[in-house]
Every structure is written in C-alpha cells, then in structure tokens.
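Values below: every heavy atom of this structure, side chains too, minus hydrogens, waters and symmetry copies. Naming: A, B, ... by sequence-line order, numbering from 1 per chain.
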Amino acid sequence: MQLIECPWCGPREEVEFHYGGQAHVPYPDAPAEVSDEEWAHYVFFRDNTKGRFAERWCHSAGCRRWFNAIRDTATYRFESVHRLDAPQPHATELARSRRSTAP
Amino acid sequence: MAELLRTHPLQAWSTALERLPDTVGITAEPFVAMAVVRLGAAASEALDAALPTVPNTWAQHGTGRAVWLGPDEWLLSSTTETPEQLEARIRAAVVPLGGSVTDVSAQRIGLRLTGARVRDVLAKGCSIDLHPRVFGRGNSAQTLLGQAGVVLLALSDVGDDFLVLVRASFAGYLADWLLDAALEFTPTHDS
Ligand SMILES: [Zn+2]
C-alpha cells in the first residue's frame, strides 16, 4: 500500500486519505455575473493532466486537515505536499514545468 | 415506566476481557468528561496550561489530558469534573477569544492496553510504528485500528501501556477485533 505524507502527521497509509480533485481552481471574481456556461466550467470542468498535477487531499481518518499535493498521475508518485497556510508554489511551478515539457 | 440505567458499551465484553493474560491486558476505562476545543495559538494561554502544539502529542492537563487533534483543535479530558463543569470552564476561557468548545464526553470510550505484547496486538491492525523509540510516552495518533478510527495515546516509555479512544458505536467491533488479535498471545486452558 502506498504511503502518503500528511504535512501534519507524516507518512500514513493511503486509506486514511480522501481525494479532493484539482487544486487552485479560482473562484469567479463576480459569481453573480458569470454566464451559465462559465459557471459550469468553474463547477465541473477540470484538467486531465498526465504527469505532475496539483491536487487537494484530506487526511480524513487522521487530523482531518486539507492540504495540497503535487502528484504524478502516471506514476502515482507524490512529489511534495503543502499545508494550506504555506506559500503555494504549485500553480506557477506547474505552469513553468508544463511549458518546458511542451513539444 | 422503566428506569434507564447508564451502561458501558462494552459491558457484554467484560468477562472476555477479564480472561486475557497480563501480557495482553485490555480493560475498559471508566467514563471521563471530554471536550473538544477549537482555538488558535491563544488557546494555551487562555486555558492557563500548556496545550501540546507539536502534532500527534498529548500532555497532562489538570486531572486529565490534552490531546493534539489538529493545529487549532484539542481534545481535553477531566477525571474530576462533570462534562458540564468541564465545558463551562473551558467555554469561559476560550469563547472571549473567538474559540469554541463542544462537550464530546459521550462520543468516545477508552480502552487501556497494558502488557508486554500489546504492541504486537496493535501492530496487527495499525500501520504506525509503535516502537517506544518513536512512539514513547506523550505521543498520540489519530489513525485506523482494524477498520475503526481511533485516537491512540502512548502512556509508557517502554511500549507496554496504551490508551485507545474509540467512538462508542465502534467499541464492540473494536473489542471483538482486539480479542481476536490477542488470541495468539492467549494460552489455551486445557493444555
Ligand atoms: Zn494528518
């Protein structure tokens, strides 16, 4: 079984964790003004990255805190985990790596 | 009208638990008052006591214990106060600072595991390293034991004394699971 590192509790078995989908999906600045289509994109549309992906996880059977992680969706390997109160390098870092690997 | 008597969730297991040898002793702890407090860094000061700020540790708190449950969340217990008294005392201290307190006395019951082999029993259903070198007195963990979520407290520096806090509705399941896990270390009578 894979061990996932909780930023508070350290490495724990993956059954203790709950997956929360893509991280850093920006909430619309003026939610009342977006069109139905834009709102649907915010609610339902997510990237389907192969490779490094910024995700939200919750240590639901332990400290019950949400945190962010960068995980490789092809190998399942967790590259790093970040507390919610820590600076979030993900977005820019991922964008940079995506650009550098683009054909 | 029938009188409602308070019974322990593990009353039906008491005979089976008493039969266990000292190396894998399991006893149901008496009821204690427990409360969950949510408050930022000011909590320690407000309660005039050192609350543990290191993740997954516990500390003595008056007659009871304070267990780290999260960066802003602690489980406090008291053996001398009633649940109402404990909640009222903590409420007076933390509410002015924007914190909150909830009486959770009826939520969990305690199982005390003592003996030289209880670490082996726990290891059958818990992936955490319980060796006293890394899980000595003062350490705690919220994790799964078997299929049940528990709060595990290390009470000894030699790994022979643990307190397992489990939700009351899971207590029967966990008692059965522990008895099964302890079977290997229980000598049979007619041999
Ligand atoms: Zn955790």
Side-chain angles (χ1 to χ4, degrees), chain A residues 1-27 52-94, chain B residues 36-41 43 51-58 66-75 100 102 104 107-108 122-131 133-136 138-154 164-167 169-170 173-174 177:
Chain A
M1 188 181 289
Q2 162 154 263
L3 294 178
I4 296 174
E5 181 159 340
C6 168
W8 296 101
C9 306
R12 295 290 185 92
E13 283 190 329
E14 64 175 294
V15 291
E16 293 190 6
F17 294 85
H18 182 82
Y19 181 60
Q22 183 177 0
H24 318 301
V25 177
Y27 190 77
R52 299 167 78 236
F53 194 38
E55 299 173 333
R56 296 183 303 171
W57 284 82
C58 180
H59 188 194
S60 44
C63 62
R64 306 186 313 291
R65 300 305 126 162
W66 284 93
F67 61 93
N68 293 318
I70 295 182
R71 184 179 67 103
D72 191 309
T73 58
T75 63
Y76 286 14
R77 203 175 73 83
F78 277 75
E79 194 172 289
S80 57
V81 292
H82 304 268
R83 293 178 182 181
L84 291 185
D85 59 358
Q88 302 295 321
H90 304 159
T92 47
E93 194 185 296
L94 277 179
Chain B
V36 163
V37 56
R38 299 291 303 263
L39 183 62
L51 292 179
T53 51
V54 177
N56 297 304
T57 57
W58 66 271
V67 186
W68 184 96
L69 293 185
D72 60 353
E73 184 176 4
W74 292 268
L75 178 67
S100 71
T102 312
V104 294
Q107 187 187 0
R108 298 183 180 91
L122 289 171
K124 285 172 188 267
C126 176
S127 60
I128 290 178
D129 186 358
L130 298 177
H131 193 280
R133 188 177 54 228
V134 290
F135 201 75
N139 283 282
S140 72
Q142 299 168 85
T143 186
L144 295 173
L145 182 57
Q147 301 288 322
V150 296
V151 183
L152 194 59
L153 308 186
V164 178
L165 297 171
V166 62
R167 292 187 177 86
S169 54
F170 283 85
Y173 158 78
L174 195 69
W177 186 91

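Within 6.0 Å of CD on B/Q147 lie no more than 12 heavy atoms contributed by other residues, nucleotides or ligands.
B/S127 is not listed as a side-chain neighbour of A/R12, based on a closest heavy-atom distance of 4.5 Å or more. Put simply, the side chain of A/H59 does not reach to within 4.5 Å of the side chain of B/Q142, judged on heavy atoms.
Scanning both residues, B/L69 and A/R65, for their nearest heavy atoms gives O-NH2, 3.9 Å.
Applying the side chain to side chain contact (heavy atoms under 4.5 Å, CB included) test to B/C126 and every residue at least two apart in sequence or in another chain returns B/I128, B/T143, B/L145, B/L152. Considering only residues two or more places apart in sequence or on other chains, B/W58 meets the ring pair (Phe, Tyr, Trp, His ring centres under 6.0 Å) condition with none of them.
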